[in-house]
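A quick note: this is a predicted structure, and the numbers were derived from the prediction, not measured. Lettering of chains follows the sequences in order, A, B, ..., and the numbering in each one begins at 1.
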Number of protein chains: 2
Amino acid sequence: MGTIDGLRFYGGADAYLAACPSRQILDLLANKWTMLVMGALGGGPLRFGELRRRLDGITQKMLTQTLRNLERDGLISRTVYPTIPPRVDYAATDLGHSVIELLKAVRVWSEKHINDVLDARDAYDERAAREPQPLA
Amino acid sequence: MGTIDGLRFYGGADAYLAACPSRQILDLLANKWTMLVMGALGGGPLRFGELRRRLDGITQKMLTQTLRNLERDGLISRTVYPTIPPRVDYAATDLGHSVIELLKAVRVWSEKHINDVLDARDAYDERAAREPQPLA
DNA sequence: CAGCATCCAATTAGATACTG
DNA sequence: CAGTATCTAATTGGATGCTG
């Protein structure tokens with residue numbers, strides 16, 4: 001069992017409560033890079049460099065940080081091959097695989113609804129620009 | 001159609017590309033407060049104060065900011081009743097409802113797998129503490 | 001009640017240089 | 001190749017005071 005401050009959580013978890021540990025887990029998952037890393041690993045193990053190239057715009061530092069957090073929380077495994085040059089493989093664990101599809105669904109939604117969102121955004125911005133000053 | 005810098009996106013969206021607008025949308029969704037707000041609105045419209053009480057730990061500023069972003073992107077609607085004192089209702093739009101279940105799945109996963117994650121975390125931290133210094 | 005404005009602290013993220 | 005370490009810039013977030 002996992003513990004936090006000596007307490008155990010069997011059920012009744014509620015991410016709406018700030019003190020509930022599920023809030024921390026939600027915070028790990030509710031992250032752009034986590035979503036993309038896990039999605040990439042859904043297709044099988046990848047090396048550090050492969051991930052970096054796949055996740056356009058991520059810096060080496062952020063990738064390292066994201067991977068460490070995911071490893072620490074048991075969503076991915078890290079395998080080091082003591083070769084020269086070194087080779088490190090990252091792979092989703094069983095636990096990780098169980099969440100990948102959920103995260104992927106969110107990413108796919110984003111890709112599918114781009115135009116709905118951009119339309120709404122344009123309309124909102126245009127309305128805001130045309131509106132009289134709230135009060136002057 | 002939504003546009004960004006005069007470009008239109010019909011298909012082939014890819015959140016793995018930094019310049020793809022779906023990356024921005026993913027960033028909006030991949031957020032702790034977005035997840036919780038949308039989840040709360042899945043049960044029907046709520047007032048500002050109701051949301052604030054429901055989302056334990058959120059500040060007024062963050063709630064306002066989150067709600068504005070969601071409204072701008074068309075996921076929620078905002079209805080002002082010009083009464084005294086004022087009353088403002090927030091409700092998921094059709095577009096918003098279409099993503100709520102996906103986000104809820106992520107939150108529920110967090111709540112269900114607390115112990116798996118905490119176990120992994122404990123094991124990782126213990127291993128790290130026991131490990132010899134990487135190199136001194 | 002439902003905010004907005006402001007100031008400040010803390011966290012996050014990028015750039016750069018270096019290593020087994 | 002796969003990082004670590006460090007410094008700095010930018011963003012986020014919290015606290016407080018005020019308003020229609």
Side-chain angles (χ1 to χ4, degrees), chain A residues 18-19 23-24 26-37 40-41 45-72 76-91 124 128 131-136, chain B residues 18-19 23-24 26-37 40-41 45-72 76-91 124 128 131-136:
Chain A
R23 175 71 74 86
Q24 297 173 32
L26 183 63
D27 220 7
L28 171 77
L29 299 178
N31 174 290
K32 179 178 55 181
W33 298 128
T34 290
M35 297 242 179
L36 295 173
V37 164
L41 293 180
L46 289 173
R47 300 181 58 173
F48 185 88
E50 291 172 329
L51 280 167
R52 185 170 45 187
R53 280 186 293 278
R54 187 80 212 288
L55 275 66
D56 185 33
I58 197 171
T59 60
Q60 173 272 319
K61 179 182 172 180
M62 290 313 300
L63 180 55
T64 297
Q65 200 172 103
T66 302
L67 290 170
R68 284 294 171 284
N69 288 337
L70 290 171
E71 186 196 0
R72 182 165 106 102
I76 66 175
S77 64
R78 177 172 181 271
T79 308
V80 181
Y81 299 93
T83 56
I84 294 181
R87 171 200 178 97
V88 181
D89 272 16
Y90 291 92
Y124 182 96
E131 231 158 57
Q133 308 85 311
L135 28 108
Chain B
R23 174 70 74 87
Q24 298 172 32
L26 183 63
D27 220 6
L28 172 76
L29 299 178
N31 173 290
K32 178 177 55 180
W33 298 128
T34 290
M35 298 244 178
L36 294 174
V37 164
L41 293 180
L46 290 173
R47 300 179 60 173
F48 185 88
E50 292 173 328
L51 280 167
R52 185 172 43 187
R53 281 187 292 279
R54 187 80 212 288
L55 276 65
D56 186 33
I58 197 171
T59 61
Q60 173 269 320
K61 179 182 171 181
M62 290 313 299
L63 180 55
T64 297
Q65 199 173 104
T66 303
L67 291 170
R68 284 295 170 284
N69 289 336
L70 290 171
E71 186 196 0
R72 183 164 105 102
I76 66 175
S77 63
R78 177 172 181 271
T79 309
V80 182
Y81 299 93
T83 57
I84 294 180
R87 173 201 177 96
V88 181
D89 273 16
Y90 291 93
Y124 181 96
E131 231 157 56
Q133 309 85 311
L135 27 108

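With rounding to the nearest 0.5 angstrom, the CG atom of A:Asn69 is 7.0 Å from the OG1 atom of A:Thr34.
Within 4.0 Å of A:Arg47, counting heavy atoms only, lie sugar-phosphate atoms of the nucleic acid but no base atom. Heavy atoms of A:Tyr90 sit under 4.0 angstrom from primed sugar atoms or phosphate atoms, though from no base atom.
The distance between atom CG of A:Leu67 and atom P of D:dC1, rounded to the nearest whole Å, is 16 Å. Straight-line distance from the CG atom of B:Leu55 to the P atom of C:dA2: 14 Å, rounded to whole Å. Atoms CG (B:Leu51) and P (C:dA2) sit 9 Å apart, rounded to a whole Å. If you measure from atom CZ of B:Phe48 to atom C1' of C:dG3, you get 6 Å, rounded to the nearest angstrom. Regarding B:Leu46, its CG atom lies at a distance of 15 Å from the C1' atom of C:dC1, rounded to whole Å. Protein atom CD1 of B:Ile58 is 13 Å distant from nucleotide atom P of D:dA15, rounded to whole Å. Atom C1' of nucleotide D:dG3 and atom CG of A:Asp89 are separated by 15 Å, given to the nearest angstrom. Distance CZ (B:Arg52) to P (C:dC1): 8 Å, rounded to an integer number of Å.
Scanning for salt bridge (Lys or Arg N to Asp or Glu O under 4.0 Å) contacts around B:Arg72 gives A:Asp125, with sequence neighbours left out. For B:Ser77, the side-chain hydrogen bond (donor to acceptor under 3.5 Å, both in side chains) test picks out no residue, with sequence neighbours left out. For A:Gln60, the side-chain hydrogen bond (donor to acceptor under 3.5 Å, both in side chains) criterion is met by A:Thr64, not counting sequence neighbours. For A:Arg87, the salt bridge (Lys or Arg N to Asp or Glu O under 4.0 Å) partners two or more places apart in sequence, or in a different chain, are A:Asp89.
Donor-acceptor pairing under 3.5 Å, judged by distance alone, is absent between the side chain of B:Gln60 and the base of C:dC1.
In terms of heavy-atom proximity, A:Leu41 sits nearest to A:Ile76 at CD1-CG2, 3.7 Å. Among all heavy-atom pairs drawn from B:Leu55 and A:Arg23, the shortest one is C-NH2, 4.5 Å. Minimum heavy-atom separation, B:Ala40 to B:Leu46: O-CD1, 3.8 Å.
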Please produce a list of atom pairs where a protein N or O lies less than 3.5 Å from an N or O of nucleotides 10-13 of chain C.
| residue | atom | partner | partner atom | Å |
| --- | --- | --- | --- | --- |
| C:dA13 | N7 | A:Lys61 | NZ | 3.2 |

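Across D:dC1, D:dG3, C:dG3, the shortest atom-to-atom separation from the side chain of B:Arg78 is found for C:dG3. Between D:dC1, D:dT4, D:dA2, one nucleotide has an atom nearer to the side chain of A:Arg68 than all others, and that is D:dT4. Of the candidate nucleotides C:dA2, C:dA5, D:dA2, D:dA2 has the atom nearest to the side chain of A:Pro86.
Overall bending of the helix from C:dC1-D:dG20 to C:dG20-D:dC1, expressed as the angle between end axes built from five pairs apiece, is 60° (10° steps).
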Task: Worked verdict on B:Leu70 versus B:Tyr90 for side chain to side chain contact (heavy atoms under 4.5 Å, CB included) - done: CA-CA 10 Å; B:Leu70 290 171; B:Tyr90 291 93; over 6 Å; no
